[in-house]
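What follows is a set of notes on a single structure, which appears directly below.
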Number of protein chains: 2
Amino acid sequence: MLTNSEENYLKEIYNLEEYFNTEINTNLIAKKIDAKASSVTDMLKKLANKDLLIYQKYKGVKLNTNGKKKALSVIRKHRLWETFLVEKLDFNWDEVHDIAEELEHIRSEKLTNHLDAFLNFPVVDPHGHPIPNKEGDFKKMETICLSNLGIKQEGVLVGVKNSSDTFLRFLSNKNISIGCKIKVVHKEEFDNSLSINIGNNQFNISENVANNLYLKK
Amino acid sequence: MLTNSEENYLKEIYNLEEYFNTEINTNLIAKKIDAKASSVTDMLKKLANKDLLIYQKYKGVKLNTNGKKKALSVIRKHRLWETFLVEKLDFNWDEVHDIAEELEHIRSEKLTNHLDAFLNFPVVDPHGHPIPNKEGDFKKMETICLSNLGIKQEGVLVGVKNSSDTFLRFLSNKNISIGCKIKVVHKEEFDNSLSINIGNNQFNISENVANNLYLKK
DNA sequence: ACTAATATTTAGACTAGCCTAAAAATATTT
DNA sequence: AAATATTTTTAGGCTAGTCTAAATATTAGT
């Protein structure tokens with residue numbers, strides 16, 4: 001049985017591995033978890049002892065099959081609860097993250113699976129992130145980052161990379177949401193900012209924003 | 001902000017006060033919480049310091065207004081989640097207690113209130129226990145314990161006192177559920193066991209069982 | 001009212017998860 | 001390749017919540 005804290009470490013390490021595609025180092029985890037590096041070292045030893053990841057002093061860390069499975073179970077719960085909150089309880093997509101951080105640790109597997117069924121087995125959460133099924137499987141969507149789109153190209157927004165409250169609120173304020181058709185009108189050489197078209201509106205967005213939006217062509 | 005453990009103590013103390021209608025002593029709490037008396041003493045001091053209850057060494061304990069409010073908030077969440085599990089996720093009434101023990105500690109008030117609305121503001125949970133509203137108010141149902149019913153009298157089962165898995169499963173096996181019409185056919189002087197009638201069936205139940213069933217006449 | 005039994009509290013210890021500060025390893029710069 | 005900077009680990013400490021064992025209060029029995 002894992003503690004909430006252990007589950008959080010596994011989840012964040014999984015997310016970092018997805019993001020960076022390399023061995024994950026102590027400081028990176030510390031930043032994500034918002035703890036000191038020394039605390040992370042302690043926990044990594046503990047998780048290695050529990051056969052959830054491979055840890056070599058000074059060499060970073062990598063989840064093993066076991067650890068990946070646990071991480072995916074937490075992520076599954078997180079995303080199902082987010083979906084529940086938005087679809088059934090009328091929450092906005094920028095309000096659900098912190099609550100899901102608590103709900104993701106509820107232990108009953110039966111609960112998770114019944115919730116999944118109740119929601120009609122959703123495949124993506126309100127931020128466009130894939131929801132693993134009971135077995136931990138999910139398919140990676142073929143998407144392209146808005147910043148990689150050429151001039152005059154367009155696509156439908158299917159996911160956001162960063163799902164912090166502040167970023168999501170920024171998008172909401174500009175009326176940008178999952179399902180929007182986005183067209184690149186102009187790209188500024190100088191700072192890689194973009195002029196984009198959504199419906200009848202035209203905006204300017206920074207490269208940073210564009211890096212966090214994923215489209216389907 | 002209260003920890004899960006503090007919330008559990010407040011909840012159990014509240015339940016004990018309801019049940020016994022007297023000051024609650026250390027050992028009683030220890031049994032309910034499944035901890036040692038010494039651990040209970042520690043926690044009582046802590047809760048008294050936080051101005052949640054009145055504690056005098058060797059004299060037992062009593063929740064103050066503050067503590068009662070917190071206890072009721074936990075109880076509200078517990079009972080709303082139980083209702084959700086039974087009504088929306090197809091759980092049986094004997095499967096929901098342990099899961100609700102975890103869910104009752106999820107902190108968001110907005111979540112609780114949206115859940116309440118989603119369930120259409122239920123006033124009792126699946127075991128017939130009243131659900132406090134946002135303000136912590138609920139009305140005590142006028143009920144009579146089955147063991148206080150006279151021969152040939154009858155009523156509708158509206159609540160169970162004990163809602164342990166084992167008791168609820170016992171009732172399910174005998175097809176006794178909330179809403180059943182129960183009639184007392186015979187009362188055994190010797191051990192206060194009862195012959196009761198439900199629909200076309202006649203059973204014998206012990207005094208202990210009768211003590212845990214509440215009816216509306 | 002004294003003694004015995006029971007209930008409660010205190011004292012001291014343990015674990016998980018965090019911390020700070022110092023030491024050690026690794027990486028980078030010159 | 002030596003010196004410096006950065007990263008990581010170790011050592012030791014803290015808090016919450018638990019425990020056991022011993023000490024102290026209260027209650028009950030004679």
Side-chain angles (χ1 to χ4, degrees), chain A residues 1-14 16-17 19-20 22-63 67 70-71 74 98 101-102 104-107, chain B residues 1-13 16-17 19-20 22-63 67 70-71 74 101-102 104-107:
Chain A
M1 195 78 293
L2 300 173
T3 66
N4 287 7
S5 187
E6 290 168 334
E7 287 192 343
N8 281 332
Y9 273 84
L10 293 175
K11 179 188 64 176
E12 296 301 357
I13 293 168
Y14 182 93
L16 289 169
E17 284 182 359
Y19 198 96
F20 290 104
T22 78
E23 306 252 301
I24 302 306
N25 62 34
T26 307
N27 265 354
L28 215 52
I29 299 171
K31 200 173 291 172
K32 258 283 185 184
I33 297 276
D34 197 30
K36 298 294 144 128
S38 54
S39 310
V40 174
T41 301
D42 285 352
M43 184 56 96
L44 294 183
K45 282 180 188 168
K46 199 172 148 198
L47 294 173
N49 273 336
K50 288 198 176 190
D51 190 33
L52 294 158
L53 46 76
I54 290 141
Y55 165 66
Q56 287 177 281
K57 274 192 194 182
Y58 299 101
K59 300 286 178 194
V61 91
K62 198 166 149 45
L63 294 182
K70 302 286 187 188
V74 177
D98 291 352
E101 289 286 297
E102 297 187 50
E104 74 191 7
H105 301 293
I106 304 292
R107 275 158 181 74
Chain B
M1 197 73 297
L2 300 173
T3 65
N4 287 7
S5 187
E6 288 168 335
E7 286 192 346
N8 281 333
Y9 273 85
L10 292 174
K11 178 188 64 178
E12 295 302 357
I13 293 167
L16 289 168
E17 283 181 359
Y19 197 98
F20 290 105
T22 79
E23 306 252 304
I24 301 306
N25 61 33
T26 306
N27 265 353
L28 215 51
I29 299 170
K31 200 174 291 173
K32 258 282 185 185
I33 297 275
D34 196 32
K36 298 294 143 124
S38 54
S39 310
V40 174
T41 302
D42 285 351
M43 183 57 94
L44 295 182
K45 283 180 188 168
K46 198 173 149 197
L47 294 173
N49 273 337
K50 289 199 176 189
D51 190 33
L52 293 157
L53 46 75
I54 290 139
Y55 166 66
Q56 288 177 283
K57 274 191 195 183
Y58 299 103
K59 300 287 178 195
V61 92
K62 198 167 147 48
L63 294 181
K70 301 285 186 187
V74 178
E101 289 285 298
E102 298 187 50
E104 73 191 4
H105 301 295
I106 305 292
R107 275 153 181 78

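Throughout, protein chains are lettered first and strands after them, A, B, ... in sequence-line order, and every chain is numbered starting at 1. Note: hydrogens, waters and symmetry copies are ignored here, and every other heavy atom, side chains too, is used.
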Please report the shortest heavy-atom distance between [X] and [Y], naming the atom on each side.
X	Y	value
B:Glu102	A:Ile106	OE1-CA, 3.5 Å
B:Asn27	B:Ala37	OD1-CB, 3.7 Å
A:Tyr14	A:Ala71	CB-CB, 3.6 Å
B:Ile13	B:Ile24	O-CG1, 4.4 Å

Can you tell me the base-pairing partner of C:dT30? Count Watson-Crick or G-U wobble geometry only, both distances below 3.5 Å, and say none if there is no partner.
D:dA1

Find the distance [X]:[atom1] to [N]:[atom2] and express it as a whole number of Å.
X	N	atom1	atom2	result
A:Leu44	C:dA16	CG	C1'	15 Å
A:Lys36	D:dC14	NZ	P	18 Å
A:Asn8	C:dC18	CG	P	9 Å
B:Ile33	D:dT18	CD1	P	8 Å
A:Lys45	D:dT8	NZ	P	14 Å
A:Ile29	D:dT8	CD1	P	9 Å
B:Lys59	D:dT27	NZ	P	6 Å
B:Asn4	D:dT18	CG	C1'	15 Å

Please confirm whether the backbone N or O of A:Val61 pairs with a side-chain atom of A:Gln56, one donor and one acceptor, at under 3.5 Å?
no

Checking B:Glu17 side chain against B:Leu63 main chain: does a donor-acceptor pair fall under 3.5 Å?
yes

More than 12 heavy atoms of other residues, nucleotides or ligands under 6.0 Å from NZ of A:Lys50: is that the case?
yes

One should read off an interatomic distance between A:His105 NE2 and A:Ser5 OG, to the nearest 0.5 angstrom, of 8.5 Å

Rounded distance (nearest 0.5 Å) linking atom CD of A:Glu7 with atom CG of A:Leu2:
5.5 Å

In residues 50-58 of chain B, which residues come under 4.0 Å of DNA chain D by heavy atom?
B:Tyr58

Counting just side-chain N and O atoms, does A:Thr41 come under 4.0 Å of either OP1 or OP2 of D:dT9?
yes

If you compare every side-chain N and O of B:Thr3 against the phosphate oxygens of D:dA16 (OP1, OP2), does one of them come in below 4.0 Å?
no

DNA chain C: A:Met43 or B:Asp42, which has the more 5' nearest nucleotide?
B:Asp42

More 5' along DNA chain C: A:Ala37 or B:Gly60, using each one's nearest nucleotide?
B:Gly60

Nearest listed nucleotide, side chain of B:Tyr9, among C:dA16, D:dT18, C:dT9:
D:dT18

Can you check whether any acceptor in the base of C:dT20 is under 3.5 Å from a donor in the side chain of A:Ser38, or vice versa?
yes

Once you apply a heavy-atom cut-off of 4.0 Å, does A:Thr26 come out as touching a base, just sugar-phosphate, or nothing?
sugar-phosphate

Categorize B:Ser5 for me: base, sugar-phosphate, or nothing, with a 4.0 angstrom heavy-atom threshold over every strand shown.
sugar-phosphate

Walk along nucleotides 1-6 of chain D from 5' to 3' and tag each nucleotide B, S or - by protein heavy-atom contact under 4.0 Å, base first, then sugar-phosphate.
------

Is B:Lys11 salt-bridged to B:Glu6, going by a charged N under 4.0 Å from an acidic O?
no

